[in-house]
**Student:** 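Before anything else, here's the structure in question.
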Amino acid sequence: ENHDRYIERCLQTEKNKMIKVQRELEAKRKDGSTFPILLGLNEVQGPGGTPIFVSFIQDLSDQKKVNSLERSKAAAEALLRSSVTDDLMKFGSDDYGDDE
């Protein structure tokens with residue numbers, strides 16, 4: 001009953017804010033651990049023009065891991081380039097490797 005009133009209120013006041021909008025949220029597993037999801041809601045017309053709401057949930061755990069690895073890789077590559085550039089600059093200086 002509360003859910004029906006909530007849906008009715010949303011249909012009248014906030015429908016455009018909810019429909020066709022994707023949100024990144026955290027979901028909870030049975031064991032209590034959380035994981036990132038993408039939640040979407042769309043509306044289709046049912047029989048007689050009755051609105052039917054369709055939602056989807058996508059687990060983003062793997063995507064988040066890949067993104068994190070890509071950021072780490074990019075940071076490591078930047079650090080390596082910086083280090084190599086520093087070493088090359090030292091190699092060109094007069095005092096690099098000079099034992100005299």
Side-chain angles (χ1 to χ4, degrees):
E1 184 178 309
N2 287 338
H3 179 71
D4 292 341
R5 282 195 304 257
Y6 173 77
I7 293 296
E8 187 63 35
R9 188 175 63 248
C10 287
L11 286 172
Q12 293 173 2
T13 60
E14 300 181 5
K15 183 176 172 181
N16 291 334
K17 293 179 185 177
M18 296 172 22
I19 305 299
K20 297 183 182 178
V21 174
Q22 297 179 358
R23 288 183 174 83
E24 229 176 90
L25 303 168
E26 291 225 331
K28 189 178 286 189
R29 295 183 182 93
K30 284 184 181 182
D31 67 3
S33 63
T34 60
F35 61 102
I37 63 165
L38 184 64
L39 175 67
L41 179 65
N42 207 343
E43 178 184 4
V44 295
Q45 295 300 315
T50 305
I52 298 175
F53 297 98
V54 180
S55 64
F56 68 87
I57 299 173
Q58 179 183 359
D59 184 341
L60 297 177
S61 299
D62 290 340
Q63 182 179 340
K64 295 284 186 178
K65 288 176 190 173
V66 168
N67 290 348
S68 177
L69 288 171
E70 288 174 349
R71 284 191 301 273
S72 295
K73 179 184 174 193
E77 288 173 346
L79 183 60
L80 180 61
R81 278 193 300 277
S82 173
S83 176
V84 168
T85 301
D86 290 346
D87 287 346
L88 288 174
M89 289 174 62
K90 288 178 187 175
F91 182 72
S93 68
D94 290 339
D95 61 345
Y96 183 79
D98 196 359
D99 293 337
E100 295 179 32

**Student:** Show which residues join I57 in its hydrophobic cluster (side-chain heavy-atom contacts under 4.5 Å, direct or indirect), or state none.
**Tutor:**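 Members besides I57, by chain and number: L25, F35, I37, L39.
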
**Student:** Quick one, Q63 with V66, criterion side-chain contact (heavy atoms from CB on, under 4.5 Å). Give me CA distance, side-chain angles, the key distance, then yes/no.
**Tutor:** CA-CA 5 Å; Q63 182 179 340; V66 168; 5.7 Å; no

**Student:** Between CG of N67 and CG of D62, what distance do you get to the nearest 0.5 Å?
**Tutor:**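 One gets 11.0 Å once the value is rounded to the nearest 0.5 Å.
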
**Student:** Measuring from T34:OG1 to R29:CZ, what's the distance to the nearest 0.5 Å?
**Tutor:**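 Rounded to the nearest 0.5 Å, the OG1-CZ separation comes to 7.5 Å.
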
**Student:** Kindly give the heavy-atom pair with the smallest separation between P47 and I52, and that separation in Å.
**Tutor:**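 Reported closest heavy-atom pair: CD-CD1, 4.3 Å.
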
**Student:** Which heavy-atom pair separates L41 from S55 by the least distance, and what is that distance?
**Tutor:**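 Scanning both residues completely, I find the closest heavy atoms to be CD1-CB, 4.1 Å.
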
**Student:** Just how far is it from atom CD of E24 to atom NZ of K64, taken to the nearest 0.5 Å?
**Tutor:**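 Rounded to the nearest 0.5 Å, the CD-NZ separation comes to 3.5 Å.
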
**Student:** Supply the atom-to-atom distance L38 CG to F56 CZ, rounded to the nearest 0.5 angstrom.
**Tutor:**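 Answer rounded to 0.5 Å: 5.0 Å.
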
